[in-house]
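Counting begins at 1 with the first residue of the sequence. These numbers were taken from a predicted model, which means no experiment stands behind them.
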Amino acid sequence: MGLHARKYPAKGALTAPADPVEPAAIWTPAVLLNSLKSQYHAWTSATRRRAMADAYRPIVRGFLLPGCAYYLFVTWGHWGDETGIHLLILGGLSLATAIAYAMFRWVLLPAGRTPLARLEAVGLATNALMYGNVVAYMLLHFEEQKLIYFVLMAVVFSTTGVTLRATLASVVVSIASMFWFAQKASPEIAYQFTFIGVATSFASLGMATLLRKAILRQIDARLFADQLAALDSLTGIANRRSIFARIDTLVEGKTPFWLGILDLDGFKSINDIYGHAVGDRVLCEVVDRLGDRSDHDIQFGRIGGDEFAVLVIGSRETSDVETLGNALIADISRPYEMQPLQLTLGGTIGFARFPTMGTTAREIYEKADFALYRGKQFARGHTVLFTDDQDTEMRESLALERALREANLEQELYLLFQPQFDLTRKKVVSFEALARWQSPTLGLVRPDRFIRAAERAGLIQNVTRVLFGKALDAVDLWPDEITISFNLSAQDLADRAFIFSLVAQVAARGIVPARLELEITETAVMKDIDAARVLLEDLSALGFKIALDDFGSGYSSFEYLDQLPLDKVKIDKSFVRKVAQSATSREIVAGIITLCRNLDLRCVLEGVETEEEMRTLTPLSPQLIQGYLFGTPMTQRDVFSLLLAADQAGGAATVA
C-alpha cells in the first residue's frame, strides 16, 4: 500500500497464524511428544474443529465404500472356508461390518456438514469393527503370518482415527494385540514382530502427525484468508461484509444492540487537496482513536470511504449511547499532526436500536442512516438518535427515493424560470432556474422534498446533470445579455470532478461562462470552507459568476463575503417580507445593500410580493428584485413572451 500503509496491525486486527513447526531432521521421543502436544492444542479451537471435520469427512467416507466391498468379499470367503459356529461368528461379523460401513457412509455421514464428535465416533467404530474381525479370526485360527494384519491395521488407523486421541488409542490397541498374539508364535517370529511393532508404532504416529500437520496448514491458510477477507485492507478493522455479518448474527440471536453510522466531515477535501496518501494516514489515525474506546461490547467497522459502523452490543440507555457518540466525535475532532501539516476533521453519528426500532438488519441500518442524514442536515458534529417522529418522514423519503430511482429524469424533471428585475435599467436581466418534478406516480413533488431525497439516495448528481443540461438549453436560446442562475447542492460542490464535468458541458455548447451564475448556499459551503473557496476561485477564473443565496439565514454570512469570490448576494426573503412592519429588518436590508455596493457586489432582494413592500424598499436603492411582484416562475414559452414584450416596449419608447 505504499508509504501510507500501516506499519503495525490495527487494534483488534487479526494476524497470520504462525507456521506449524517443521518436522525435525531426527525424531526423538521429546520431539514427538512436543509435536503431539501441539496437535492436541489445535482441537481447542472450535473453528479449527469444524474445519478439521470438513477436511476428514471425505477421507472417512472414501474409506468406507471400499471397506464395505472388502468385507462383503471376506464374507464370501468365509462362506467357502468355514462351517458351523466358525462360519456363524466370522461370516456374521464380516457381513455386519460391511452393512455397518454402508450405514456409516450413507446414514451417519450424508452429504453436508458433519459434527466432529460424530465423525470421531464413526472413525472409532470403523476401527473397532476392523479390529474385531482380525481378533476373532486369530482367536479361532491362529496363524503366525496373519500377525501382519495388526501392522496393516495400525497404518490404516493412522488415517481413519480422525482425532489424535482416537488414532493413539487405535494404534496402541492394535500393536499391543499383536504383541499378545506373538507370544503364541515361535521365538524367532515373535522377535521379528517385536521390532516390526515398534517401527509400525512410530511410523503410524508419524504419518498421523504429518497428515494432520498438512491439513492444519491448509486450514490455517484458509482461515487466515477468510480473516483477511473480513478486514479492511487499509485500517485493519472489520470491513462492510464482516460488520453486517455480525449484525445478522445478533439479529438472529435476538441480542439487543445499537448500530451507529459515523460520517467524517471534511475528509473528502483532505483527499482532494493533499492526496490519498495523507488521506489514508488520517483514516488510520481515526481508527486508532476509535479503538481507544473499543471493548467486547463496542466494536467498529469501516463501511466504505469515510463512513464507519459503531456496534454497541447490549441494552444501553439512550443517554449512554448519546454520550458515547459525542465522545467519539470529540476524539476524532482533535487536530491531526501530519508533519508539516495540521489537519482537522469533524464527524456526525446516527444511531438506531434493535429490536425496538426495527426487527431486521436492513431496517436498523436504514434508520441509523436516516438519523445520520438528519444529523448532517440539522445537527452536524453531533450524535442523532432515530426517533418515532422520524419514522413517517423516513418512509416518505424512502418512497421518494424509490420513485427517483425508477424515474425517467429527462422526461419527468423540468425547469421554471423566475425573472430578476434591474430597477436602474428598468428591465429583466436574469432568470433563476427552479427545479420541478412531475412524477407519474406521486404527482407534482415539492422541490425541497425531492432534492433532499436525491441527496440522501446519492442521486443528486444525476438530478443536477439533467437540470443543468435543460438550463443550458434555455439560456442558449435567450438574448446574449440575459443570464441564468443555477443552484448547486452541497454534494455537488463536494465533488470537484463532477463540477468540472458541468463546465465541460458549457464549453462543448460554446456558451459564454459569464452568462451562468452558479448559486450556492451557506450550508453548502460551511462543511469545508477552504475546499469550497478553492473550487469557486477556479470557476470564477473561468468566467462563471458566483452568487450566495439566502444571505443572512445561516451561521456566519459576513465571513463568506470575505472568503469567497462572490459576484452577487441574494438577501433572504425572511428579511424582505418584514421590511414593511419591522424597522430592524429595514435597517438590516439597508445595511446589506450598502455593504454590497461598497464591495462591488450585485445585490438581489428575494421574495418581493407586494406594492407595499416595494414602496418601503425603493428608498433603500436596491439594484435587483426577484419576487412575485415582478414575475412568477414561468415556462420557457412565457420567458420568450416576457422578453419579446420588453423588447417591443423598449422599441416603442425609442420611437417615441
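Gln636 and Lys470 are not linked by any side-chain donor-acceptor pair at a separation below 3.5 angstrom, with hydrogens and angles left out of the test. Gln461 and Asp492 share no donor-acceptor pair across their side chains, judged by distance under 3.5 Å alone. Thr383 and Asn326 share a side-chain donor-acceptor pair at under 3.5 Å. Residues Asp638 and Ser641 bring no donor and acceptor atom of their side chains to less than 3.5 Å of each other. Between the side chains of Glu517 and Ser485, at least one donor N or O lies within less than 3.5 Å of an accepting N or O. Counted by atom type alone, Thr235 and Asp232 present one or more donor-acceptor pairs between their side chains at under 3.5 Å. Checked by atom type, the side-chain pair Asp263/Thr348 shows no donor-acceptor distance below 3.5 Å. Side-chain atoms of Gln438 and Glu412 form no donor-acceptor pair, as typed in the model, at a separation below 3.5 Å.
We find that Arg395 and Asp391 are joined by a salt bridge, their nearest charged nitrogen and carboxylate oxygen being less than 4.0 Å apart. Using a cutoff of 4.0 Å between basic side-chain nitrogens and carboxylate oxygens, Lys573 and Glu609 are not scored as salt-bridged. Ion pair Asp331/Arg293 flagged as a salt bridge, since at least one NZ, NE, NH1 or NH2 atom sits closer than 4.0 Å to an Asp/Glu carboxylate oxygen. Ion pairing of Arg281 with Glu285 is absent here, as no side-chain N (NZ or NE/NH1/NH2) approaches a carboxylate O to less than 4.0 Å. Taking a cutoff of 4.0 Å between a charged side-chain nitrogen and a carboxylate oxygen, Lys570 and Glu519 qualify as a salt bridge.
Here the closest non-hydrogen pair linking Ile332 and Tyr336 is O-OH, 2.7 Å. Across Glu455 and Ser489, no two heavy atoms sit closer than the pair OE2-CB, 3.3 Å. The shortest heavy-atom contact between Arg353 and Ile364 is O-CD1, 3.2 Å. Looking at every heavy atom in both residues, Pro419 comes nearest to Gln626 through O-CG, 3.6 Å. Residues Ile243 and Ala309 come closest through the heavy atom pair CG1-CB, 4.0 Å. Considering all non-hydrogen atoms of both residues, Leu415 and Leu467 come closest at CD1-O, 3.6 Å.
Two residues are said to be in side-chain contact when any heavy atoms from C-beta on lie closer than 4.5 Å; Glu432 and Glu606 meet this criterion. Leu620 is listed as a side-chain neighbour of Ile593, based on a closest heavy-atom distance under 4.5 Å. A heavy-atom distance below 4.5 Å is found between the side chains of Tyr274 and Leu343. Within the 4.5 Å cutoff, the side chain of Phe431 has heavy atoms near those of the Leu643 side chain.
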Kindly determine whether Val282 and Leu345 satisfy side-chain contact (heavy atoms from CB on, under 4.5 Å), including the steps that lead there. CA-CA 9 Å; Val282 170; Leu345 283 177; 3.4 Å; yes

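A centroid separation of 6.0 Å or more is found between the aromatic rings of Phe386 and Phe351. Aromatic pair Phe417/Trp478: ring centres closer than 6.0 Å.
Counting non-hydrogen atoms of neighbouring residues, nucleotides and ligands closer than 6.0 angstrom, the CZ atom of Arg597 exceeds 12 such neighbours. Other residues, nucleotides and ligands contribute only 12 or fewer heavy atoms inside 6.0 Å of the OH atom of Tyr628.
A distance-only check finds no donor-acceptor pair linking the side chain of Ser540 to the backbone of Leu536 [under 3.5 Å].
A distance of 10.5 Å separates CD1 of Ile511 from CG of Asp480, quoted to the nearest 0.5 Å.
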